[in-house]
Colleague: 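Pasting a structure here, questions to come.
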Amino acid sequence: MVTQIISTMETQVSNGPSGTSLPNGPVISTNGSTDDSKTNLIVNYLPQNMTQEEFKSLFGSIGEIESCKLVRDKITGQSLGYGFVNYVDPNDADKAINTLNGLKLQTKTIKVSYARPSSASIRDANLYVSGLPKTMSQKDMEQLFSQYGRIITSRILVDQVTAGISRGVGFIRFDKRNEAEEAIKGLNGQKPLGAAEPITVKFANNPSQKTGQALLTQLYQTAARRYTGPLHHQTQRFRLDNLLNASYGVKRFSPITIDSMTSLAGVNLTGPTGAGWCIFVYNLSPEADESVLWQLFGPFGAVTNVKVIRDFTTNKCKGFGFVTMTNYDEAAMAIASLNGYRLGDRVLQVSFKTSKQHKA
DNA sequence: TTGAATT
């Protein structure tokens with residue numbers, strides 16, 4: 001897990017005592033500039049294939065957005081896996097952190113936190129560390145580096161097959177570049193207490209700095225995905241098995257094969273109407289909200305929109321909602337896995353939305 | 001044995 005060590009104290013200080021909070025608008029400081037320290041969020045660890053539209057849809061479900069941006073590579077246009085959301089209301093920013101931080105989307109667990117004020121001093125503050133003792137934990141590593149400054153994130157890479165054994169390699173991101181520089185001076189080539197070998201500490205490569213070959217491969221794969229039609233059944237079966245084996249915290253109740261799902265195609269479906277495939281979710285609790293739908297469907301692929309249908313007067317969920325997913329195979333897998341899924345004391349009914357159900 | 005954290 002990533003760790004963030006940013007004291008709220010600093011956020012308070014940067015806001016300053018002179019800021020004026022308007023009832024329905026941004027906080028304006030006395031020098032006239034907009035203070036977005038309580039409304040502007042950074043979102044990390046987004047799935048690679050998440051689009052700007054999906055990003056906006058997810059965070060727009062919390063409250064009114066002043067602006068948002070999924071950060072992309074300037075050359076390839078590929079998502080860099082993080083973005084920014086600036087809300088109109090600081091309360092919505094707080095709510096977004098409380099409800100969306102830790103949300104699982106496909107293979108990622110997103111992180112939602114306040115963005116630090118942008119400045120050159122916080123850039124290029126990420127370190128690559130190798131030669132770490134295999135017994136050193138993330139916490140140990142942070143303890144070693146924390147004497148040089150405030151740590152924003154840290155990670156120790158682990159072996160995939162042995163599930164959790166340290167590879168002796170990690171990353172430390174400091175708040176400030178000069179802190180990272182001091183850590184290199186102080187720790188590169190040094191032996192941690194009790195370690196047999198010295199560690200190597202240097203600035204990390206920028207992950208976007210790929211070889212020409214890797215870049216071409218990435219471009220090719222992006223183009224191939226864009227022009228690929230519906231997958232064959234065998235492929236879908238393979239991907240369904242992968243999904244189910246990956247657990248995602250989802251337990252299946254009544255198994256439905258992809259083949260039985262695809263037999264429905266073109267019969268009753270609302271279809272891939274521009275926006276994607278609309279899914280009907282029935283038997284939600286009165287307390288259900290949008291976040292539960294993101295949590296349930298997000299792991300299966302690109303979700304563009306979710307909606308909980310509420311009673312106009314009580315504002316309680318009327319027991320059903322809708323989810324829109326971009327790709328048919330991902331929608332089919334979500335349905336196959338979540339139809340019959342037990343959520344609390346309820347068993348969900350999940351299907352493609354049909355024109356008949358829409359009349360309700 | 002290198003992960004998408006400052007628009």
Side-chain angles (χ1 to χ4, degrees), chain A residues 1-6 10-11 14 33-34 36-37 39-52 55-56 59 65-87 93 97 101 105-134 136 138 141-142 149-162 164-177 179-180 184 188 197 199-211 214-215 218 222:
Chain A
M1 285 302 291
V2 285
T3 307
Q4 180 167 37
I5 307 176
I6 299 180
E10 176 146 309
T11 307
S14 64
S33 64
T34 303
D36 58 11
S37 65
T39 56
N40 195 31
L41 304 179
I42 185 165
V43 185
N44 294 109
Y45 312 113
L46 292 166
Q48 171 60 226
N49 61 7
M50 188 174 218
T51 66
Q52 166 78 26
F55 183 60
K56 184 174 185 181
F59 285 87
I65 290 173
E66 193 275 325
S67 62
C68 74
K69 184 178 207 173
L70 178 68
V71 180
R72 291 194 184 84
D73 184 281
K74 283 189 179 68
I75 299 163
T76 67
Q78 294 289 299
S79 165
L80 295 186
Y82 67 94
F84 296 89
V85 182
N86 196 11
Y87 284 99
I97 291 173
N101 184 43
L105 293 175
Q106 296 166 256
T107 61
K108 303 284 190 175
T109 301
I110 71 170
K111 178 175 175 181
V112 185
S113 57
Y114 288 109
R116 291 171 288 167
S118 185
S119 85
S121 66
I122 67 172
R123 294 181 55 184
D124 302 315
N126 198 24
L127 297 180
Y128 172 74
V129 187
S130 59
L132 293 165
K134 299 286 196 280
M136 184 178 266
Q138 182 189 14
M141 184 174 70
E142 284 198 354
R150 175 171 299 142
I151 296 166
I152 301 301
T153 58
S154 71
R155 167 174 295 179
I156 288 181
L157 302 188
V158 296
D159 189 293
Q160 291 299 315
V161 288
T162 61
I165 305 291
S166 167
R167 292 161 63 189
V169 172
F171 291 89
I172 294 270
R173 179 179 297 278
F174 279 100
D175 183 38
K176 296 287 184 337
R177 180 178 172 91
E179 295 169 343
I184 293 174
N188 183 41
E197 301 298 326
I199 61 173
T200 299
V201 184
K202 57 187 198 179
F203 282 109
N205 294 334
N206 187 326
S208 65
Q209 284 168 357
K210 295 190 173 170
T211 66
L215 210 133
Q218 188 179 336
T222 304

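Reminder, nothing fancy here: chain letters follow the sequence lines and each chain counts from 1.
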Colleague: Just to confirm, is there a sub-4.0 Å distance from OP1 or OP2 of B/dA4 to any side-chain nitrogen or oxygen of A/Arg72?
Modeller: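 No, A/Arg72 has no side-chain N/O under 4.0 Å of OP1/OP2 on B/dA4.
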Colleague: Would you kindly check whether a donor in the side chain of A/Arg123 faces an acceptor in the base of B/dT6, or vice versa, at under 3.5 angstrom?
Modeller: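 No such pair is found, so the answer is no.
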Colleague: Please list, chain by chain and in numerical order, all residues satisfying side chain to side chain donor-acceptor pair (under 3.5 Å) with A/Asn86, sequence neighbours excluded.
Modeller: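 Only A/Thr39, A/Glu66 meet the side chain to side chain donor-acceptor pair (under 3.5 Å) criterion with A/Asn86.
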Colleague: Of the nucleotides B/dT6, B/dA4, B/dT1, which one has an atom closest to the side chain of A/Arg167?
Modeller: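 Closest of the options to the side chain of A/Arg167: B/dT1.
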Colleague: With heavy atoms under 4.0 Å as the rule, sort A/Asn126 into base, sugar-phosphate or nothing.
Modeller: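 The answer is base, as A/Asn126 lies within the cut-off (heavy atoms under 4.0 Å) of a base atom.
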Colleague: Could you please name the option among B/dT2, B/dT1, B/dA4 that lies closest to any side-chain atom of A/Lys134?
Modeller: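 The answer is B/dT1.
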Colleague: Send over the distance from A/Leu80 CG to B/dT2 P, rounded to a whole Å.
Modeller: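 So the two atoms are 20 Å apart, to the nearest Å.
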Colleague: Which nucleotide sits closest to the side chain of A/Arg155: B/dA5, B/dA4, B/dT6?
Modeller: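 The answer is B/dA4, which lies nearest to the side chain.
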Colleague: Distance criterion of 3.5 Å, no angle test: do you see the side chain of A/Gln48 paired donor-to-acceptor with the base of B/dA4?
Modeller: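 Yes.
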Colleague: Under a 4.5 Å cut-off applied to non-hydrogen side-chain atoms, are A/Gln78 and A/Gln48 in contact?
Modeller: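 A side-chain contact under 4.5 Å exists here.
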Colleague: With a 4.5 Å cut-off on side-chain heavy atoms, are A/Leu105 and A/Tyr45 touching?
Modeller: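 No, every pair of side-chain atoms sits at 4.5 Å or beyond.
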Colleague: Nearest-Å distance, CG (A/Asp73) to P (B/dA5)?
Modeller: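 That distance rounds to 14 Å.
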Colleague: Taking side chain as C-beta onward, heavy atoms only, is A/Phe84 less than 4.5 Å from A/Leu41?
Modeller: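 Side-chain contact under 4.5 Å: no.
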Colleague: In this structure, how many angstroms lie between the P atom of B/dT6 and the CG atom of A/Asp175, rounded?
Modeller: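 Going from A/Asp175 (CG) to B/dT6 (P), I get 12 Å.
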Colleague: Test for a donor-acceptor pair under 3.5 Å between the base of B/dT2 and the side chain of A/Lys202, counting only N and O atoms.
Modeller: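 Side chain to base: pair present.
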Colleague: Rounding to an integer number of Å, can you tell me how far A/Lys111 NZ sits from B/dA5 P?
Modeller: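 Nearest whole value for this atom pair: 9 Å.
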Colleague: Rounded to the nearest Å, what distance is computed from the CD1 atom of residue A/Ile110 to the C1' atom of nucleotide B/dA5?
Modeller: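 Distance check: A/Ile110 CD1 to B/dA5 C1' gives 14 Å.
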Colleague: Please determine if a side-chain N or O atom of A/Lys69 lies less than 4.0 Å away from the OP1 or OP2 oxygen of B/dT6.
Modeller: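 Looking at the OP1 and OP2 atoms of B/dT6, neither is under 4.0 Å from any side-chain N or O of A/Lys69.
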Colleague: Would you say A/Gln52's side chain and A/Leu70's backbone share a donor-acceptor pair under 3.5 angstrom?
Modeller: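 It does hold such a pair.
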Colleague: Answer with base, sugar-phosphate or nothing: what part of the nucleic acid does A/Phe171 contact at a heavy-atom distance below 4.0 Å?
Modeller: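 Base contact - A/Phe171 has a heavy atom under 4.0 Å of at least one base atom.
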Colleague: Would you mind reading off the distance between A/Phe203 atom CZ and B/dA5 atom C1', rounded to a whole angstrom?
Modeller: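 Result: 15 Å.
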Colleague: Which nucleotide wins on minimum distance to the side chain of A/Arg116, given the candidates B/dA5, B/dA4, B/dT6?
Modeller: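 Between B/dA5, B/dA4, B/dT6, the one nearest the side chain of A/Arg116 would be B/dT6.
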Colleague: Rounded to whole Å, how long is the line connecting atom CG of A/Leu70 with atom C1' of B/dT6?
Modeller: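 So the two atoms are 14 Å apart, to the nearest Å.
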Colleague: Answer yes or no: does a side-chain N or O of A/Thr153 lie under 4.0 Å from OP1 or OP2 of B/dA5?
Modeller: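 No, because none of the side-chain N or O atoms of A/Thr153 sits under 4.0 Å from OP1 or OP2 of B/dA5.
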Colleague: Give one of base, sugar-phosphate or nothing for A/Leu157, where a contact means two heavy atoms less than 4.0 Å apart.
Modeller: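 Since only primed, P, OP1 and OP2 atoms lie under 4.0 Å of A/Leu157, the category is sugar-phosphate.
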Colleague: Can you check the A/Ile199 CD1 to B/dT2 P distance for me, whole Å?
Modeller: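 To the nearest whole Å, that distance equals 17 Å.
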Colleague: Toward the 5' end of DNA chain B, which comes first, A/Arg173 or A/Tyr128, by nearest nucleotide?
Modeller: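 Checking each residue's closest nucleotide, the 5'-ward one belongs to A/Tyr128.
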Colleague: Mind checking side chain to side chain donor-acceptor pair (under 3.5 Å) for A/Arg173 and listing every partner two or more places apart, or none if nothing turns up?
Modeller: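 Once residues adjacent in sequence are excluded, A/Arg173 has no partner under the side chain to side chain donor-acceptor pair (under 3.5 Å) criterion.
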